[in-house]
Amino acid sequence: MITNNEVDKYFEVNHPFTQIKNHMELIAALFSGILILITWVFDGHMNEVTWITLNIIAFIIGGFAKAKEGMEETIENKELNVEMLMIFAAIGAASIGYWTEGAILIFIFAISGALETYTINKSEREITSLMKLQPDTALRISNGTEEYIEVAELNVGDHILVKPGERIPADGMIYEGNTSIDESTLTGEPFPISKQNSNHVFAGTVNLNGSIIVEITKANEDSLFQKIIQLVQSAHSEKSPSQLFIDKFENNYVKIVLAVVLLMMFLPHYLLGWSWTETIYRAMILLVVASPCALVASIMPATLSAISTGAKNGVLFKGGVHLENLSQVKAIAFDKTGTLTNGEPEVTDVYLNPTSSENELLSIIGSMEKQSNHPLAQAIVDYCTSKGIPCNREVAKMEDTSGQGISATVDGTNWKIGKDAFVGEKEARSFHNGIANQLSKQAKTLVFIAKETEIVGLIALKDSLRKDTIEAIKTIQQAGIYTIMLTGDNKTTANTISEEAHIDEVIANCMPEDKVNQIKHLREKYKNVAMIGDGINDAPALATANVGIAMGGGTDVALETADIVLMKNDLLKVAKAIALSNRMNKIIKQNIIFSIIVILALIATNFSQALDLPLGVIGHEGSTILVILNGLRLLKS
């Protein structure tokens, strides 16, 4: 049932004007850049008034957002910032006739501001994606009557009806009915869980095949699903140590530069006998050469080049800070299902009664399972099809016993496919010399086939490792990084997968909140931790880790929450991304040291009156070009 609120939210987010508004800062920066290019190309070929007017328009359009932000933060925090310094530097350059240089300063800073705004919008959209998975309304049953109400209006003790195929709107306990629940949104595990009276169910999970009446046990704001949303929001609100350092550096840098410029406008006149013209001229040169243009260029081109190289190789970085942090990672936590494994069950073993025809048995089994929408059934049908077995037998009296199996009549014979207890536990466990016990120890899911009362077959299924998992783990470990597997699966299955993949440590039975706590513990121990996952249940842990990495084939929420996305689901790309991060950080350090040395040299020569404005601009812009070229080396993959 689609509510008016959902419709309003959809059009609000997807309306073209909303999309334009979200990107307005970037559009303004690009338009400013176009105007700057026009003034540069036609410098000396157009009327001076027109040329200056175009530069002023470029100043206003490109600098409006950052100037507004800088003034608002200055008023709020009562401290000047780099935004204001850039505006002062640009105006200072223009005031002594260097309009183009001032406009370029504005343009570079406007682009960085647009990228920052884009990141904030992405964070907001990931929260919206999470919220969409929980229904807005619930069908409440009260005194024999049914009515749809807002989920927020539900009270503990209320009874609600959840039909097959619907998402459960709130945490509760089954009061009446039996069913299978897809809890992959919370646990990440692909296999549905059988639920019956008194079993707990959770908001955001899917009721697969039976109508159930649920008694609400938690208020909406206390549900497990809401906790996931709150955890993601909380993780994104925390500033990284690097960001805190940058904020502190920004404040000190601005104060020092502005203080020196103000002193430069007066003291040389009185102490050194400079004329007022010379004093103001030197102050303007100082404001230009001390502007952080080269420092900004030290980071952004190198970062964008590295991001482009990563994208070309199937690794999407959502920002330079995440690429920078990746080289500091000392431990990586992996989700199991869909990350280390393929995320889909597949048939691994088939044992059939030797007295029966294999093709006939598989044809009957495939034809019955074709009538079911269970993931295990689909895997069995795929197996039969891959062997060229037709699954088109006539199936009658088909019955699906929730959480147990299916029964039907084929060619006048009664068949059952399902768990051991469904087909006859004792006979099932003794089939084929008790092979079921050995398969169970290998963390495989078992499906038994019974013809009338005789067990005639056993099919084992398992979520297998990705082809590149073992090599990827080995490569990561060789880089000195500790590996951990966090999974909602049981210990037996988790340990089996861990041994196959050669993971250093495994932690099983993890709900989303447990994964977050484990990531926090790992951060205390290893300082810098990455998390790799693909499910909705991984979103809080991805947000909590220093670096969150999502598999490209994962859920939208995981992709939105993560800092890095492996577009081709290739775990081997993680080690290559770490190497790219190391290269980028090395080049950025080179650029920063070089740009600071140049700025200090220009400032020193300006104080000695050995530097005029054209040489100051050449030195300042020349150093900017050099650090940009150095950063562009990262385009080589």
Side-chain angles (χ1 to χ4, degrees), residues 183-184 186-194 330-349 351 375-376 379 419-420 428-429 434-447 458-478 480-523 525-526 529-535 537-538 540-542 545 549 551 554 569 571-572 574:
E183 294 187 343
S184 59
L186 298 179
T187 66
E189 304 310 319
F191 303 120
I193 307 298
S194 300
K330 302 301 180 185
I332 298 181
F334 297 84
D335 170 51
K336 180 181 76 69
T337 305
T339 301
L340 295 174
T341 67
N342 291 303
E344 296 179 355
E346 61 180 35
V347 174
T348 59
D349 304 272
Y351 296 91
L376 296 179
K419 294 182 177 181
D420 51 5
R429 286 291 165 180
I435 189 65
N437 295 324
Q438 180 180 338
L439 295 173
S440 295
K441 293 179 180 178
Q442 299 172 10
K444 296 180 179 179
T445 301
L446 307 182
V447 176
L458 165 61
I459 298 177
L461 303 95
K462 187 179 180 181
D463 183 13
S464 58
L465 284 177
R466 292 182 180 275
K467 294 180 180 179
D468 60 349
T469 294
I470 296 176
E471 185 179 354
I473 296 299
K474 181 180 179 182
T475 304
I476 290 170
Q477 290 171 336
Q478 287 175 343
I481 298 174
Y482 191 72
T483 57
I484 310 99
M485 183 174 76
L486 303 179
T487 177
D489 218 332
N490 60 70
K491 288 185 178 181
T492 301
T493 301
N495 288 332
T496 300
I497 295 296
S498 176
E499 290 174 4
E500 291 179 9
H502 306 296
I503 296 285
D504 293 318
E505 182 181 349
V506 59
I507 303 173
N509 298 313
C510 286
M511 294 297 280
E513 191 169 359
D514 298 322
K515 289 187 177 182
V516 170
N517 291 332
Q518 291 296 337
I519 292 295
K520 288 181 178 179
H521 173 71
L522 290 170
R523 288 186 62 172
K525 184 176 181 180
Y526 295 99
V529 177
M531 169 71 190
I532 306 179
D534 72 315
N537 62 300
D538 298 319
L542 290 172
I549 305 174
M551 306 296 285
N569 292 341
L571 283 176
L572 286 170
V574 175

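Minimum heavy-atom separation, Leu446 to Ala460: CD2-CB, 3.9 Å. Across Ile497 and Met485, no two heavy atoms sit closer than the pair CG2-SD, 4.0 Å. Minimum interatomic distance between Gly338 and Asp534 (heavy atoms only, all atoms of both residues): CA-OD2, 3.5 Å. Between Leu486 and Met531, the closest heavy-atom pair is CD1-SD, 4.2 Å. Closest of all the heavy-atom pairs between Ala428 and Asp420 is CB-CB, 3.7 Å. Closest approach of Ile519 and Ala333 over heavy atoms only: CD1-CB, 3.8 Å.
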(Q) Could you walk me through whether Lys336 and Cys510 satisfy the side chain to side chain contact (heavy atoms under 4.5 Å, CB included) test, starting with their C-alpha distance in whole Å, then the side-chain angles of each, then the deciding distance to 0.1 Å, before giving a yes or no? (A) CA-CA 11 Å; Lys336 180 181 76 69; Cys510 286; over 6 Å; no
Q.
Pair Val574, Ile532 - check side chain to side chain contact (heavy atoms under 4.5 Å, CB included), show working.
A. CA-CA 10 Å; Val574 175; Ile532 306 179; 3.9 Å; yes
Q) Can you check side chain to side chain contact (heavy atoms under 4.5 Å, CB included) on Glu471 and Leu572, steps first, answer last? A) CA-CA 7 Å; Glu471 185 179 354; Leu572 286 170; 3.7 Å; yes
Q) side chain to side chain contact (heavy atoms under 4.5 Å, CB included) between Ile481 and Lys330: does it pass, once the steps are laid out? A) CA-CA 5 Å; Ile481 298 174; Lys330 302 301 180 185; over 6 Å; no
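With contacts defined as side-chain heavy-atom distances shorter than 4.5 Å, the pair Asn437/Arg429 qualifies. Contact check for Ile459 versus Asp349: no side-chain heavy atoms found under the 4.5 Å cut-off. Side chains of Asn342 and Asp463 form a contact here, defined as non-hydrogen atoms less than 4.5 Å apart. In this structure, Thr469 and Leu571 have side chains that are in contact, with non-hydrogen atoms separated by less than 4.5 Å. Side-chain contact between Thr483 and Gln477: present, with at least one pair of heavy atoms (C-beta onward) separated by less than 4.5 Å. Under the 4.5 Å side-chain criterion, counting only non-hydrogen atoms from C-beta, Lys515 is not in contact with Pro540. Side-chain contact between Tyr351 and Leu439 is present, with at least one heavy-atom pair separated by less than 4.5 Å. The shortest side-chain heavy-atom distance between Tyr482 and Glu505 falls under the 4.5 Å cut-off.
Atom CD of Gln442 has more than 12 heavy atoms from other residues, nucleotides or ligands within 6.0 Å.
Note: Lys444 NZ to Ser464 OG = 10.5 Å, rounded to the nearest 0.5 Å. Here the CG-NZ distance, from Asp468 to Lys474, works out to 14.5 Å after rounding to the nearest 0.5 Å. Arg523 CZ to Gln518 CD: the interatomic distance, rounded to the nearest 0.5 Å, is 14.5 Å. Rounding to the nearest 0.5 Å gives a distance of 8.0 Å between CD1 of Ile484 and NZ of Lys525. With rounding to the nearest 0.5 Å, the separation of CD1 in Ile473 from CD in Gln478 is 11.5 Å. Atom CD1 in Ile476 sits 10.5 Å away from atom CG in Asp504 (nearest 0.5 Å).
The existence of a salt bridge linking Glu344 and Lys462 is excluded, since no basic side-chain nitrogen approaches an acidic carboxylate oxygen closer than 4.0 Å.
A side-chain donor-acceptor contact under 3.5 Å links Asp514 to the backbone of Met511.
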